[in-house]
Amino acid sequence: MSMYTVAQQAAIEELDAPLQLIACAGSGKTQVISQRISRILGRPDVAPGNIVAFTFTEKAAAELKERIHRIVREEHGDVTGLAEMYIGTMHGYALNLLQTYVPEAFKYGVLTDVTQRLLIDRESTKSGLTTCPTTAPSRPTLWRYVDSKLYMQVLSILQEDQVDFDLVPEGVSDSLQSYVELLTRRKYFDYTAMIANAVAFLESDPDDDDLTIPERELLRHIRTDIKYVVVDEYQDVNPLQEKLIAGLVRWGANLCVVGDDDQTIYQWRGSEVSNILTFANRHEAVRTIELSDNFRSSKGIVRLGRTIAEWLPDAERLPKAMEYASHQQWALGDILALEFQDPDAEANWIADRIHALRGMPFTDTPDASPRGLSWSDCAVLFRTVKDAEPLVDELRRRGVPYIIKGLARLFEAPEIQALVGMFRFMVGEITEADLVGFFDTADLLADKNLLRRGIRILTEGANFDRGGRWGTYNIQRLYLDVLEALDVNEATIPGAPARAELVMYQLGKFSQAISDFEAIYFASDPARKYEAFVRFLTDERQAPSYYEEADDDSGYATPDAVTITTVHRSKGMQWPAVFVPCLRKNRFPMRTMGGINPFHVIPVEAVPNGARYRGGLSEETRLFYVAVTRAQKYLALSWAPIAANQQARRQSDFFRDISGSDWVVTADPGLPDRERLEPSPKSETPAITISFSELKYLLECPYSFKLRFMYGFNPPIHEALGYGKGLHDALAEMHKRALAGDLPSKAEVVDLVDRHLHTPYAYPALREQLHAAAVKALDRYFDEHGEDLTRTEHSEKQIEVVVAPGVTIDGRIDLIKRLETDEIAIVDFKSTEDAQKTSMTRDQLSVYALGYEELTGHSADRIQVLNLDDKGDHLNEAVSPALLAAIQSKIEIVASDIRGNHFACGHDHSRDTAYNDLAWLATGAPAEA
DNA sequence: GACATTCCCTTTTTT
DNA sequence: AGGGAATGTC
């Protein structure tokens, strides 16, 4: 059992007062939160469903979940029902809440950054973009394409901050209103809308007579079920998110917030430090506990970090003093502040140092034996990763493995340029000879003569007068057809297997870019659609600035490679050795930017503390604090002038100030001459969550899983998309109402379909046809199973199966009902008319059975697949221990294959063309080992 | 020292 | 692109 400090123990035991944990870097807060939650679970009358824990990223959620599982398993010996506890992002929670209590919410699609931007530009007037006035001299209103990113920022400030709308120009409010109307009309949630809608419900008055039944039900749920709320990274909460939290605890649920005001680095997207600074004033009888012991870093690092934090004005931070509590020894020469002649010399030294650190003995925990440091123990943190070029060149030259995070330069790759060239050729922007040239450079083809076949397809595709519905001018379809004609797949790509794999990532990401574009532009006039697509691909502000360089870091395993990333992305992580180069003036601290900004649209006075969005010295100081405190032992801060750049010739003030510290040395004494061990990377396996749809591919053909979820290939959009989902959502509402005692009747079928069926890509005739088919299917369901509605036990039941340490499977069971035979059946619906959803397999259903058992502690009796079509086949099987054991071991194998990046597939893909759009690509699967 | 001209341009999560 | 910083000019 691990030992806790007095402060940690106090935090773990404080379950009743509003609790504020000030957790400095490396203070073991995840462990403390997990332990505290385990303790809450041990209380009488507390069920897992009473607890809600928020993190900022899915990754952090997966880690927290894993930690809690481990502790609960150790302490209570049983994790039954843990899936009922919400651990995840606020966005996920809000969406869940809406989907559970507002039936129509199911049909809403979620816009990502890219698709939101595409929508705003495509509907540039209706989105309010080009009607939005500005005070910038250069623009009376915002411009299409040029300012859409800025407009997105404006929209999020208007909706997520405490804006005084009396001070906002009318034209701006009108723009916001048209945008919101556009989203509703097109049935989309953007990231703001999810939370804003949930907040609107949470803030409603329970005594309001106008509330609908679901709204009442939602408030009742919050009031009676939510008893403990935990918010991690509280310093990064923005005003709207703070409202969500307030809404959850308004009836007295216990609130625990955990954060470090010194690590507020996302204020430019709305994080409001005052949330944490004034927490104690805003809640009654707050208990504040400072977790100031740093278990991560050596004394030198801790002291240096503290010095940096103390540069901040007192008024901007909570008083605290980080103390070193680690077993990590500091030695003179561990922390360096070095100046170099030029960036190449700097890069060269970093590469040397990384080499020299290899095999250096290092002890991860007090009781562990030393191991030799390896590549993955080193990280290079940049203020902007665009500065990494000299280092990347150097590492590549030396053959040092590295992964870069945060560099959007996928479109610079010659392979991608060749793909972009195909579409530029189609719209007549380049000639056939140009295209041939691009393909020559890209080296994608095993047989260059095949390019002619590809060009023929492109030429035919570019005939936009060939008739047919607009939907048939499908970009994704064309792309996959061309790859097939060119005979491009993993088996045929020239070069070593590692190169083929990387190229597959690029081809997959391009497929993702097509999906993003086509999600918004599917039904546009073909000629204009292809032109808009080319603009999307070639405009530096659009696709080229969104898609990151392809790499093989899937998130399922940690490769033994040097990490190159931004300080922002390094938050929450640690490495034995950290490098922070490029400490130049104007770069770190970053100079504030000129040009048009959100405050040319929204008056600064209208936004409380609006200045934070623009950033300043304090923000940069906090960022520097984060960078330094990532290091466990070795830290090298450095800079070099760039002669050619006027503004990059001087050192950063940060560098100058740090150089004077007693813990720092300004000349490299070299590493101590100690005996090196065999380098052995820390085998840290990230916690992963596999969704149910992903699992299907893993079980059937691991290589198709890799194609879809790792490389990123997407099948073409089908015009009937949304049919299966609409049916499913209508059924979900029926069952939920049945559970609430509000039995739906057959007379409501048309109404149900009207409300749930959303087929955004269907042409009018198809839409009618799908509508009729849905009505027929529901009618049939009423005829055949209407009686069963009263025997509904659960609808849309969230399940979660931990199949191996750190591997969780997530899913929702359509229906759990009690049969006439009094058995419990797990039911999944199926419709053969549904273009997207392929049949639910027996294996998948067995996983549901596992999940049901983990959730309730009881075994289900049957698994059923219920076909909604008249001539459909059904599946109806008994659940046996043998069935469960079989699936359990099957999943364990699959999970270990993911970890080992082993996605082979033996079956013959050349035969499944008829239903698998990616069949051709799958024929390139490496053979089973 | 005061003013004019030239140079340069970020960070990113959320189903 | 507009504004801050560096450099140029008197």
Side-chain angles (χ1 to χ4, degrees), chain A residues 54-61 88-99 105-106 108-116 134-139 142-143 146-147 149-150 152-153 156 160 188-196 198 233 236-238 240-241 244 264-271 381-387 405-408 519 540-541 545-546 548 565-572 582 584-597 599-600 612-616 619-620 622-624 626-627 641-642 644-650 689 691 693 810 812:
Chain A
F54 291 135
T55 60
F56 260 79
T57 62
E58 281 304 327
K59 194 168 151 251
T89 62
M90 289 195 226
H91 293 85
Y93 182 82
L95 190 62
N96 241 331
L97 199 69
L98 294 171
Q99 292 182 337
F106 262 120
Y108 276 67
V110 174
L111 292 174
T112 63
D113 225 30
V114 187
T115 51
Q116 184 189 10
T134 93
T135 57
S138 57
R139 293 163 164 57
L142 296 177
W143 293 345
V146 179
D147 296 323
K149 202 173 179 180
L150 171 77
M152 281 162 64
Q153 247 187 90
S156 99
E160 304 207 12
Y188 282 123
F189 286 139
D190 62 12
Y191 291 127
T192 301
M194 281 184 237
I195 298 195
E233 304 283 12
D236 282 335
V237 163
N238 74 27
L240 183 68
Q241 292 163 337
L244 181 79
T264 309
I265 57 174
Y266 286 113
Q267 65 301 119
W268 46 270
R269 56 180 209 213
S271 304
L381 308 181
F382 289 91
R383 177 65 243 264
T384 148
V385 86
K386 282 178 183 155
D387 285 335
K405 292 282 152 200
L407 197 54
E540 282 304 316
R541 286 173 299 240
S545 70
Y546 281 103
E548 287 187 9
T565 191
T566 60
V567 182
H568 281 96
R569 290 204 189 185
S570 73
K571 188 164 167 195
C582 292
R584 294 189 303 260
K585 200 176 177 79
N586 298 330
R587 170 57 23 112
F588 199 178
M590 181 77 77
R591 211 185 68 197
T592 53
M593 301 297 305
I596 188 166
N597 68 59
F599 298 107
H600 286 111
R612 73 186 191 280
Y613 286 95
R614 302 226 54 202
E619 284 73 22
E620 296 291 313
R622 293 192 183 98
L623 207 47
F624 191 49
V626 168
I642 301 177
N645 185 329
Q646 213 180 65
Q647 287 170 44
R649 288 182 200 156
R650 304 214 284 154
T689 301
S691 77
S693 48
D810 241 353
R812 267 185 195 164

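Order of the sequence lines sets the chain letters (A, B, ...), proteins ahead of strands, with each chain counted from 1.
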Please pick, from [options], the nucleotide with the shortest atom-to-atom distance to any side-chain atom of [X].
X	options	value
A:Met590	C:dA5, B:dT11, B:dT10	B:dT10
A:Arg383	B:dT10, B:dT12, C:dA1	B:dT10
A:Arg139	B:dT15, C:dG2, B:dT12	C:dG2
A:Met194	B:dT15, B:dT10, B:dT12	B:dT15
A:Val110	B:dT13, B:dT10, B:dT15	B:dT15
A:Arg591	C:dG4, B:dT15, B:dT11	C:dG4
A:Asn586	C:dA5, B:dT15, B:dT11	C:dA5

Are A:Thr566 and B:dT11 close enough that a side-chain N or O sits under 4.0 Å from OP1 or OP2? no
Under 4.0 Å: is that the gap between some side-chain N or O of A:Thr89 and OP1 or OP2 of B:dT15? yes
With C1' as the reference atom in both, quote the distance from B:dT12 to C:dA1 in angstrom, rounded to an integer. 22 Å
Using atom [atom1] of [X] as one end and atom [atom2] of [N] as the other, report the distance to the nearest whole Å.
X	N	atom1	atom2	value
A:Arg587	C:dG4	CZ	P	18 Å
A:Lys585	C:dA5	NZ	P	8 Å
A:Arg569	B:dT11	CZ	C1'	10 Å
A:Leu150	C:dA1	CG	C1'	11 Å
A:Glu548	B:dT11	CD	P	10 Å
A:Tyr266	B:dT11	OH	P	11 Å
A:Arg614	C:dG3	CZ	C1'	9 Å
A:Glu233	B:dT12	CD	C1'	14 Å

Nearest 0.5 Å, what's the CZ-CG distance between A:Arg139 and A:Leu150? 8.0 Å
From NZ (A:Lys585) to CZ (A:Arg650), nearest 0.5 Å: 4.5 Å
Counting the atoms with a prime plus P, OP1 and OP2 as sugar-phosphate, which does [X] contact under 4.0 Å by heavy atoms, base, sugar-phosphate, or nothing?
X	value
A:Thr192	nothing
A:Glu619	nothing
A:Val626	nothing
A:Asp113	base

Are the charged groups of A:Arg269 and A:Glu160 less than 4.0 angstrom apart, N to O? no
Tell me the closest heavy-atom pair linking A:Tyr191 and A:Val110, and the distance in Å. CE2-CG1, 4.1 Å
Could you tell me whether a side-chain N or O of A:His91 sits under 3.5 Å from a main-chain N or O of A:Met194, the two making a donor and an acceptor? no
I want to confirm an ordering. Mapping A:Arg649 and A:Val146 to their closest nucleotides on DNA chain C, which one lands closer to the 5' end? A:Val146
Pair assignment for C:dT9, Watson-Crick or G-U wobble, requiring both distances under 3.5 Å: B:dA2
Please examine the side chains of A:Tyr93 and A:Ile195, heavy atoms only from C-beta on, and report whether any two atoms are closer than 4.5 Å. no
